[in-house]
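Note sheet for the following structure.
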Amino acid sequence: MGARTAGAEAPTAGTDAFRSEDLPATERFDYWRELIGRTRDSEMTSVHAADFRADMRRLELGQATLLRSSFPPSRFRRSAGMVRRSDREVYHLTLVLDGALALTRETRGSGDRVTTFGAGRLYVVDSSHPYDVRGIGAARPGRGEPRIEALGIDFPAASLPLPPQRLREVMGRGFSRDEGTSALLADFLLGLDRQAALLGPAETPRLGTVVIDLVTAWLARELDTEAAVPDDARQRALVENVRTFVRRNLSDPGLTPTAIAAAHHVSVSYLHRLFTRHTQGRTLAGWIRAERLESARRDLADPALRTLPVHAVAARWGIPRASDFTRAFRAAYGQTPGEHRRQALAAAGRVA
């Protein structure tokens, strides 16, 4: 994850990072505009351009591109002339994290329509139609100028296996990140953002496919066109839904394949086949056990939890029997939970 330094060429690898403090003030806005323009071809302006203080990470995920940005009030305008001159036929999905974005779009017979999306809202626009987006910064004590925080995903329009004429119905509409399949999509994007620095080149194309599958499942649900979604895409989206459900409920000792299948309205045998097929042969029960053990392993190494008994750590991750936990932990990590805790805390003490 390398940020450009003053005088260096713009990076062309799969991951680009921009931090305003790494560049002279005179170069910051132009470089930030260049990074965003690689997928979001628009005219960008800002009253803060002379001393543009922003951060942006751009991560290639196969067909998709993930953009995480923090910036002062700015404007992004894609005119009809820009559309005529060049259209990459790309969809831009944006999740607003802080501040707001005001989208102006032309509507047939009723002039321009302005919709403002605040924190926690998602919206989609396409590069084949003009748009005008204005960032409205949120002021925070001690943070200086107002800012907008956003997470975006860009992907080819052709990658969505849904009728283009129906997709026009959702362009420019706002959706809550906390409802239905949009919640799953938002959680996945936020997780990608958190793990971006750890992702290797072998993982990113698969993750891009999952992102597009989740976008497809979300929009198909909104448009009531789920029958148009290919089986593979529907299955991959279901597996990711199961993963998210499991991670949210790891502390429940009753989290079994039977309970998970019932929550997702599928049979246990179908769930097992599907999970194994889309996770390189891993079983659902084995993956749940591994997630619980890894969560407990992190807690045991946390100095803030040093007084919490080992059996209580196991119980908070859905393993109520101490003997089962010790046996599984030793098999997974080659040492007992107590040994791991002593080593980890001793190492943390030396670092401190």
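Quick note: numbers below take in every heavy atom, side chains included, and nothing from hydrogens, waters or symmetry partners.
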Please check if the side chain of [X] supplies one atom and the backbone of [Y] the other of a donor-acceptor pair under 3.5 Å.
X	Y	answer
S20	R28	no
S74	P72	yes
H340	R297	yes
T326	S323	no
S46	P73	yes
R40	H92	no
T276	R273	no
R77	M44	no
R177	R121	no

- Enclosure of R221 CZ (heavy-atom neighbours >12, cutoff 6.0 Å):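 No, CZ of R221 has 12 or fewer neighbouring heavy atoms, counting only those of other groups under 6.0 Å.
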- Message: For R88, is the CZ atom crowded, meaning more than 12 foreign heavy atoms sit under 6.0 Å from it?
- Response: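 More than 12 within 6.0 Å, yes.
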Kindly give the heavy-atom pair with the smallest separation between [X] and [Y], and that separation in Å.
X	Y	value
V313	A296	CG1-O, 3.8 Å
A301	A344	CB-CB, 3.5 Å
A100	I148	O-CG1, 4.0 Å
V83	S128	CG1-O, 3.4 Å

Are the side chains of [Y] and [X] in contact, using a 4.5 Å heavy-atom criterion?
X	Y	result
L67	L35	no
I288	I260	yes
R292	L255	yes
E145	H48	yes
L184	L214	yes
E222	R173	yes
R316	D299	yes
V239	L274	yes

Are [X] and [Y] close enough that a side-chain donor and a side-chain acceptor fall under 3.5 Å?
X	Y	value
Y333	E339	no
R147	S69	no
S70	E149	yes

Lys/Arg N to Asp/Glu carboxylate O, [X] vs [Y], below 4.0 Å:
X	Y	answer
R236	E240	no
R53	D51	yes
D232	R277	yes

- Task: Test ring-ring contact (aromatic ring centres under 6.0 Å, His included) on F325 and H311 and set out the steps.
- Result: CA-CA 8 Å; F325 177 58; H311 68 84; over 10 Å; no
- Task: Given side chain to side chain contact (heavy atoms under 4.5 Å, CB included), test L59 with L192 step by step and report yes or no.
- Result: CA-CA 10 Å; L59 176 65; L192 276 182; 5.8 Å; no
- Query: Given L223 and W218, is the side chain to side chain contact (heavy atoms under 4.5 Å, CB included) satisfied, shown in steps?
  - Reply: CA-CA 9 Å; L223 295 169; W218 165 50; over 6 Å; no
- Item | Partner of R105 under salt bridge (charged side-chain N to carboxylate O under 4.0 Å, His left out), chosen from D112, D132, D126 | D126
- Quick one: do D193 and R68 satisfy salt bridge (charged side-chain N to carboxylate O under 4.0 Å, His left out)? Show the steps, please. CA-CA 7 Å; D193 179 51; R68 175 65 163 87; 3.2 Å; yes
- Could you walk me through whether R289 and T283 pass side chain to side chain contact (heavy atoms under 4.5 Å, CB included), step by step? CA-CA 10 Å; R289 181 171 57 251; T283 66; 5.6 Å; no
- Query: So which of L122, I153, L185 actually passes side-chain contact (heavy atoms from CB on, under 4.5 Å) with L95?
  - Reply: L122
- Query: Out of D154, L207, I212, which residue meets the side-chain contact (heavy atoms from CB on, under 4.5 Å) rule with L61?
  - Reply: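 Going through D154, L207, I212 one by one, the side-chain contact (heavy atoms from CB on, under 4.5 Å) with L61 is satisfied by L207 alone.
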Is there a path of hydrophobic side-chain contacts, each under 4.5 Å between heavy atoms of I, L, V, M, F, W or Y residues, that connects [X] with [Y]?
X	Y	result
L167	V211	yes
V124	L97	yes
F188	F175	yes
F155	M171	yes
F245	V242	yes

Inter-residue atom distance [X].[atom1] - [Y].[atom2], 0.5 Å rounding:
X	Y	atom1	atom2	value
D55	E21	CG	CD	6.0 Å
E34	D30	CD	CG	9.0 Å
R84	S79	CZ	OG	7.5 Å

- Message: Please verify the inter-ring angle class for Y31 with F18; under 30° counts as parallel, over 60° as perpendicular, anything in between as tilted.
- Response: tilted
- Item | ring-ring contact (aromatic ring centres under 6.0 Å, His included), paired with Y123, selected from Y131, Y91, F117 | F117
- Please walk me through it: do M82 and D41 pass side chain to side chain contact (heavy atoms under 4.5 Å, CB included)? CA-CA 8 Å; M82 296 179 76; D41 186 14; 3.8 Å; yes
- Task: Begin with the C-alpha distance, continue with both residues' side-chain angles, and end with the deciding distance and a verdict on salt bridge (charged side-chain N to carboxylate O under 4.0 Å, His left out) for R58 and E60.
- Result: CA-CA 7 Å; R58 181 177 179 277; E60 298 289 352; 2.9 Å; yes
- Item | F76-F71 aromatic ring centre distance below 6.0 Å |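 Yes, the ring centres sit under 6.0 Å apart.
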- Item | Pi-cation contact, W287 with R243 (under 6.0 Å, within 45°) |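 That pair qualifies as a cation-pi contact.
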